[in-house]
Amino acid sequence: MDGRDLVRSVRMVGSVRGMRTFRSAWRRRRADARTVAARGAERARVPGLLAGAEPGPGGGVVRFARSELLVRVAVGGAVFWSWDAASPWPSYALPGAVPDPDERARLEPHANGGWQVVSERLTVVVSRRGAVELRTPGGVVLRREEPPRWWETEDGVAGRWVQRSEVPADARFFGLGGRAGGPRLREGTYGLRNTDPGGAFGPGDDPLPLTMPVQMVVSDAGTHLVFHDNAWAGRVTLREGEEGAGSGHDRPGSCEVRMEGGPVRGWMVAGTPGRVLSTWAALTGAPALPPPWALGPQHAWCGSDGEREVRRIVRGYQERDLPLPVLHLGIGRPDADRAFAPGLERFPDLPRLAEDLREEGVRLVPSVVPPAGASAQDAACRSGLEVGDRGVFVQGRRVAGEVWTGERAFLLSRSGWAGMQRYGGSRPGDVASGWPGVRASLALVLGLGLCGVPYSGPVVGGAEGSPSPELYLRWFQLSAWMPLFRTSSGDGAARREPWEFGPEVLAHAGRAMRERERLHPYFVTLAHLARLTGAPYVRPVWWGASGDRELRDCEDAFLLGDALLVAPVLDEGAVRRAVPLPAGRWYDTATERAYEGPGRVVLDAPPAGIPVLARAGAVIPVRGPDGGLELEAWAPVPGRAGGGSVVRDAEDGRAVAEVERYTSRSLSGRVVVEREGEEGRVPYPLRVRGLSASGQR
C-alpha cells in the first residue's frame, strides 16, 4: 500500500468503494510481503548521451553512453523497440516467429541532432538523450517516451526499471486488460500482476486476474497502442491531461510504467482503432473462433448436488420454452487438497449424462481446476517443498499427447495475458453483486476487447449475494448483448434461474433470450470477423469516430459490431436514459423511429427492454421463424450507401468460412440490397425496416 492508496482510502472512509480500495491495497501489501525479496544495494542508470547509430533491417540501433536502443518496423506497421539488446523473442505474447522487418523503413539523422525511423504509418524520433517520440506521418506527436531509468545491483545485474511518457492533453487511456473501473482509465495506479482478489470484486479492486501491459490511447491526433512486453510484476500510473481553454498552456497526460525486473522492450502500433487491433491481432495471433453453440445463452451450475439437479435445471428451461444450448458444471466447493474435474462422486456416469443432454440440444461444459493443496500431506505440495531454492514446484516426466475432435474446442480462462485470445475466451473473474457490478461487467468486456480479447462476459447477477429482481433483469439484459452470455445458479439462496425472480422478470428475460437467439447469425458473423480482423464484437461508441470527444468519454453504451448501438440500464430505478449517437441516422429497433447523430437522445428504457438502435443502411443476418438465415436491412439515407457482412459457420467447424458482403442503397423510394461481386437476387429472405419511420429528429 503506497501513499496514494492510503490517502485515497482515508478520503473515502465510510463508503463502500473506499472500503474496497482499502481492502484491495491491504491485500496487495500482504502478498508483496510474502513474495517479494528485500532489495540489496542498488545504483541508478540512464542511457546517457548519444554516441552513434547503426542502420539495420527496418530501422537500426541507436547507441548511447551507457545503453543502446533498437528500433525496428515490422511488416504490417508494428514497431518493436528495446533497450540493452533485448530481443522480441521469446515472448508469451507472440505465437511464433517474429514478423519480418519492413525493408522500406530506414534509420536516418533527425534535425534535433538525434535519429529517426520513417515508415508508411508513423515516424519514430529518438533524441540525443534517449527520448522516443511516436509521430504520425504528418509529424504530430502521439506519444513521447522519456529515457528509461534502471536500478542495478552491485554486481551490475539489471533489476527494476521505470519509464515515463507523455500523451496529448485531450488523450484518453483504455485497456490494461480487464479492469472493473474502466473502460476509460482515469488517474490512478493499476497493478500488473494477475491476482485473485480473494472473493467477489468491484470497481475499486485492483489488480484482478486478467491484467496485461497493453494500453490503447485515443486523442484528436490519432489512436495508438503500446505494449510493454514484460511479464514481471509491476504497475502503471496514469494521469489524464488538461487543456488550457484557449490559453495554450496545456498539461499533457502522463503514464509511468514501473517493473520489478525483466527487459525494457515493447511494441507500438498507430492508426484507426480498427487498424490498430488488426495489426495487434496479426502480431499476437488471431482470436480463437468459438463454436456456434457457444454464441447462444449459457447457464452454469455451481452447487453441491449432482446429476439430478442438472437435469432439473435443463427441464426448467425446456418447460418455459427458454433456449439453453450450453450448461456448465461449475467447480462447486471441492476440498482444498484435491483437484476437481468436475467431481466424479456427484456424477458417477458423466459420459451418459453428456450424451443424454446432447440429444436434447444441450452441450455439457465442465470446469477443470487442478489445485495442489497447501499441506505437507499433499504429494504435489510435499514434492514442491522438497525442491526448495531451485525454484521449481512441479517435476515429472514429459508427456506428449495428440487429440483430434470433429469440431472446434471451447475454452474459457479466468486468467490470462497478452496473446491469450489465440486459445479461447475469458470469464473475467467474480464480479460482486450490486449496481456497480453491472457497470464493471461492461467495463471488463470493453477493456478486454481493446486488448485483443474479443470473446468474454461476466456472469449475470454477479458472483455472490442475492440480486434484487430489478438488478438481475438489467444485468440479464446487458449480458444478452455480450459475446459470452451466461447465467448461473448454486445451492439454496444462490438459485438464479430466470424463473426464480418472478413472472415479470421471467417474461422480460425470455424476450431478451429469444432476441439473442434471433441474432445468432449476427454473432456468428462477428466471431468470424474478429478472427479475420481483430475487431471485437463489443466496441466503444467512439470506434468509428475516435475524434469525437463526447463519444470518447461515453462509458455506459457500446456498439455491437458496426450495425447496432446498445444502451443498457446501469442505474437502479431508471426507465429512461440518454443515448449518445455517432454521426448518421439511427433507428430505434423497438419503434423504428429515426434519429440523427451526432448528438444525444433520451429514450424509454422500460423493464421490457433496453434501448437498441440500428445504423441506417445496415444489413444484418438474423434467424427467421423457421430457423433459416434471413437478412434484415435498415433503410439507408437517400444518397448514402450502407451494407453488412454475413458468414455462415460450417457445422464441422474446420472448413474455411466465406465472407459474403452486401450493400444497400435507396433508389426511387425503394431499398435495394445486392451481394458484392455477384449479380442476381439475394439468396436469403429479405426484410426491410425503417421505411415507415416518421417524426425524424
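Here, residue 1 is the first one in the sequence, and each next residue gets the next number.
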**Q** To check you understand the geometry: which heavy-atom pair defines the closest contact between Pro458 and Ser479, and what is its length?
**A**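 What the structure gives for the nearest pair is O-OG, 4.3 Å.
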**Q** Only counting residues at least two apart or in another chain, list the ones meeting side chain to side chain contact (heavy atoms under 4.5 Å, CB included) with Asn194.
**A**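 Scan of Asn194 (side chain to side chain contact (heavy atoms under 4.5 Å, CB included), adjacent residues dropped) gives Thr211, Ser415.
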**Q** Does the side chain of Leu478 reach to within under 4.5 Å of the side chain of Ser441, using non-hydrogen atoms?
**A**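 Of all side-chain heavy-atom pairs linking Ser441 with Leu478, at least one is under 4.5 Å.
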**Q** Measure the OG1-CG distance between Thr589 and Leu564 for me, rounded to the nearest 0.5 Å.
**A**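 Here the rounded value is 7.5 Å.
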**Q** Run the salt bridge (charged side-chain N to carboxylate O under 4.0 Å, His left out) check on Arg675 and Glu678 step by step: do they pass?
**A** CA-CA 6 Å; Arg675 181 173 177 179; Glu678 293 189 9; 3.8 Å; yes
**Q** Measure the spacing between CG of Leu412 and OH of Tyr455 and express it to the nearest 0.5 Å.
**A**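 So the gap between those two atoms works out to 5.5 Å.
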**Q** By ring-ring contact (aromatic ring centres under 6.0 Å, His included), which residues pair with Tyr423, not counting sequence neighbours?
**A**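 Tyr423 satisfies ring-ring contact (aromatic ring centres under 6.0 Å, His included) with no other residue.
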**Q** Examine distances only and state if a side-chain atom of His328 and a backbone atom of Arg486 form a donor-acceptor pair shorter than 3.5 Å.
**A**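 Not confirmed, His328 side chain does not pair with Arg486 backbone.
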**Q** Salt bridge check: are Asp206 and Arg193 linked by an N-O gap of less than 4.0 Å?
**A**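 Between Arg193 and Asp206 there is no salt bridge, as every charged N stays at least 4.0 Å from the carboxylate O atoms.
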**Q** Could you tell me which non-hydrogen atom of Leu208 sits nearest to which non-hydrogen atom of Gly178, and how far apart they are?
**A**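 For Leu208 and Gly178, the tightest heavy-atom pair comes out as CD1-O, 3.7 Å.
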**Q** With rounding to the nearest 0.5 angstrom, report the CG to CG distance, Leu442 to Asp556.
**A**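 Result: 8.0 Å between the selected atoms.
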**Q** Atom CG of Leu473 and atom CG of Leu506: how far apart are they, to the nearest 0.5 Å?
**A**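 So the CG of Leu473 and the CG of Leu506 are separated by 10.5 Å.
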**Q** Is it true that the side chains of His299 and Ser489 contain a donor and an acceptor less than 3.5 Å apart?
**A**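 Looking only at side-chain atoms, Ser489 and His299 do form a donor-acceptor pair, the distance falling under 3.5 Å.
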**Q** Is a side-chain donor or acceptor of Trp634 paired with a backbone partner of Tyr587 at a separation under 3.5 angstrom?
**A**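 Checking the backbone N and O of Tyr587 against the side chain of Trp634, no donor-acceptor pair under 3.5 Å is found.
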**Q** Quick one: side-chain hydrogen bond (donor to acceptor under 3.5 Å, both in side chains) partners of Arg184, sequence neighbours excluded?
**A**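 Only Glu240, Asp553 meet the side-chain hydrogen bond (donor to acceptor under 3.5 Å, both in side chains) criterion with Arg184.
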**Q** List the steps, then state whether side-chain hydrogen bond (donor to acceptor under 3.5 Å, both in side chains) holds for Thr284 with Gln421.
**A** CA-CA 9 Å; Thr284 60; Gln421 74 277 354; 2.8 Å; yes
**Q** Side chain to side chain contact (heavy atoms under 4.5 Å, CB included) for Arg661 and Val646? Distances and angles first, verdict last.
**A** CA-CA 6 Å; Arg661 293 184 171 86; Val646 177; over 6 Å; no
**Q** Are a donor atom and an acceptor atom from the side chains of Trp301 and Ser488 found within less than 3.5 Å of each other?
**A**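 Trp301 vs Ser488: no donor-acceptor pair found between side chains.
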**Q** Output every pair passing salt bridge (Lys or Arg N to Asp or Glu O under 4.0 Å) with a member in residues 282-301, not counting sequence neighbours, ordered by first then second residue.
**A**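 Matches after skipping sequence neighbours: none remain.
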**Q** For Arg422 and Ala286, indicate whether the former's side chain and the latter's backbone hold a donor-acceptor pair under 3.5 Å.
**A**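 Such a contact is absent between Arg422 side chain and Ala286 backbone.
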**Q** Between Leu176 and Val214, is any pair of side-chain heavy atoms under 4.5 Å apart?
**A**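 No, every pair of side-chain atoms sits at 4.5 Å or beyond.
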**Q** Can you name the nearest heavy-atom pair linking Val362 to Val326, along with the distance?
**A**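 That closest heavy-atom pairing would be CG1-C, 4.3 Å.
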**Q** Decide yes or no for Val217 and Thr223: does some side-chain heavy atom of the first lie under 4.5 Å from some side-chain heavy atom of the second?
**A**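 A side-chain contact is absent here, since even the closest heavy-atom pair is not under 4.5 Å.
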**Q** Is the Lys NZ or Arg CZ of Arg516 less than 6.0 Å from the centre of Trp481's six-membered ring, within 45° of the axis?
**A**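 Arg516 over Trp481 ring: no.
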**Q** With salt bridge (charged side-chain N to carboxylate O under 4.0 Å, His left out) as the test, would you mind laying out the steps for Glu307 and Arg312 before giving the verdict?
**A** CA-CA 9 Å; Glu307 179 176 329; Arg312 182 195 70 81; over 6 Å; no
**Q** Please confirm whether the ring centroid of Trp267 lies under 6.0 Å from the ring centroid of Phe227.
**A**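 That pair fails the under 6.0 Å test.
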**Q** Is there any salt bridge (Lys or Arg N to Asp or Glu O under 4.0 Å) pair reaching into residues 524-543, and which pairs are they, with sequence neighbours excluded?
**A**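 Passing the test, one end in residues 524-543: Arg539-Asp562.
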**Q** Could you tell me whether the side chain of Thr195 and the main chain of Pro197 form a donor-acceptor pair under 3.5 Å?
**A**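 Not confirmed, Thr195 side chain does not pair with Pro197 backbone.
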**Q** How far apart are the C-alpha atoms of Arg315 and Gln318, what are their side-chain angles, what is the distance that settles it, and do they pass the side-chain hydrogen bond (donor to acceptor under 3.5 Å, both in side chains) test?
**A** CA-CA 5 Å; Arg315 187 168 59 252; Gln318 293 172 339; over 6 Å; no
**Q** Does the side chain of Leu277 reach to within under 4.5 Å of the side chain of Pro536, using non-hydrogen atoms?
**A**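 Yes - at least one pair of side-chain heavy atoms lies under 4.5 Å apart.
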**Q** Is a side-chain donor or acceptor of Arg363 paired with a backbone partner of Pro325 at a separation under 3.5 angstrom?
**A**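 No, the answer is negative, given that no donor and acceptor are paired below the 3.5 Å cut-off.
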**Q** Less than 4.5 Å apart, side chain to side chain, heavy atoms only: is that true for Val622 and Leu631?
**A**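 No, every pair of side-chain atoms sits at 4.5 Å or beyond.
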**Q** Please evaluate residues Glu515 and Arg511 with respect to the criterion salt bridge (charged side-chain N to carboxylate O under 4.0 Å, His left out), reporting the C-alpha separation (whole Å), side-chain torsions for both, the decisive distance (0.1 Å), and the verdict.
**A** CA-CA 6 Å; Glu515 180 65 6; Arg511 184 178 295 108; over 6 Å; no
**Q** Below 4.5 Å, heavy atoms only, C-beta onward: do Ser426 and Leu210 meet side chain to side chain?
**A**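 Yes, side chains in contact.
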**Q** State whether the number of non-hydrogen atoms from other residues, nucleotides or ligands found under 6.0 Å of Asp321 atom CG is greater than 12.
**A**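 Open.
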**Q** If I compare all heavy atoms of Ala618 with all of Ala563, which pair ends up nearest, and what's the gap?
**A**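 Where Ala618 meets Ala563 most closely, the heavy atoms are CB-CB, 3.7 Å.
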**Q** Find the distance between CG (Leu444) and CE (Met482) and round it off to the nearest 0.5 Å.
**A**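 Between atom CG of Leu444 and atom CE of Met482 there are 10.5 Å.
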**Q** Salt-bridge test for Glu309 and Arg495: reply yes if a basic N is under 4.0 Å from a carboxylate O, no otherwise.
**A**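 Judged by the 4.0 Å cut-off on N to carboxylate O distance, Glu309 and Arg495 do form a salt bridge.
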**Q** So, taking the atom named CD in Glu497 and the one named CG in Leu324, what distance separates them when rounded to the nearest 0.5 Å?
**A**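 Going from the CD atom of Glu497 to the CG atom of Leu324 covers 10.5 Å.
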**Q** Is the side chain of Thr533 donor-acceptor paired with the backbone N or O of Ser278 at a distance under 3.5 Å, no angle test?
**A**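 No, the answer is negative, given that no donor and acceptor are paired below the 3.5 Å cut-off.
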**Q** Any donor-acceptor pair under 3.5 Å linking the side-chain atoms of Glu660 with those of Tyr684?
**A**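 Glu660 and Tyr684 do have a side-chain donor-acceptor pair below 3.5 Å.
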**Q** Looking only at the aromatic ring of each residue, does the gap between the centers of Trp543 and Phe558 stay below 6.0 angstrom?
**A**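 No: the rings miss the under 6.0 Å criterion.
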**Q** Can you give me the closest heavy-atom contact between Ala480 and Phe523, atom names plus distance?
**A**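 Scanning both residues, the minimum pair turns out to be O-CZ, 4.2 Å.
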**Q** Of the non-hydrogen atoms in Ser413 and Met420, which two are nearest, and what is the gap between them?
**A**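 Heavy atoms of Ser413 and Met420 come nearest at CB-CE, 4.2 Å.
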**Q** Restricting to ring-ring contact (aromatic ring centres under 6.0 Å, His included), what partner residues turn up for Trp542, sequence neighbours left out?
**A**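 Applying ring-ring contact (aromatic ring centres under 6.0 Å, His included) to Trp542 gives Phe174.
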**Q** Between Arg623 and Glu517, is there a side-chain N and carboxylate O pair less than 4.0 Å apart?
**A**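 Yes, charged N to carboxylate O under 4.0 Å.
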**Q** Answer whether the closest heavy-atom distance between the side chains of Pro483 and Val445 falls below 4.5 Å.
**A**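 Yes; the side chains approach each other to less than 4.5 Å.
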**Q** After noting the C-alpha distance and the side-chain angles of Leu570 and Trp435, does the key distance pass the side chain to side chain contact (heavy atoms under 4.5 Å, CB included) rule?
**A** CA-CA 7 Å; Leu570 307 178; Trp435 288 98; 5.6 Å; no
**Q** With the side chain counted from C-beta on, respond yes when Val438 and Arg474 share a heavy-atom pair under 4.5 Å apart, and no when they do not.
**A**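 No. Closest side-chain heavy atoms not under 4.5 Å.
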**Q** Could you tell me whether Arg518 and Glu632 make a salt bridge, using a distance below 4.0 angstrom between a side-chain N and a carboxylate O?
**A**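 Salt bridge between Arg518 and Glu632, a charged N being under 4.0 Å from a carboxylate O: yes.
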**Q** Looking only at atom types and distance, does a side-chain atom of Arg496 sit under 3.5 Å from a main-chain N or O of Gly462, one as donor and one as acceptor?
**A**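 Checking the backbone N and O of Gly462 against the side chain of Arg496, a donor-acceptor pair under 3.5 Å is found.
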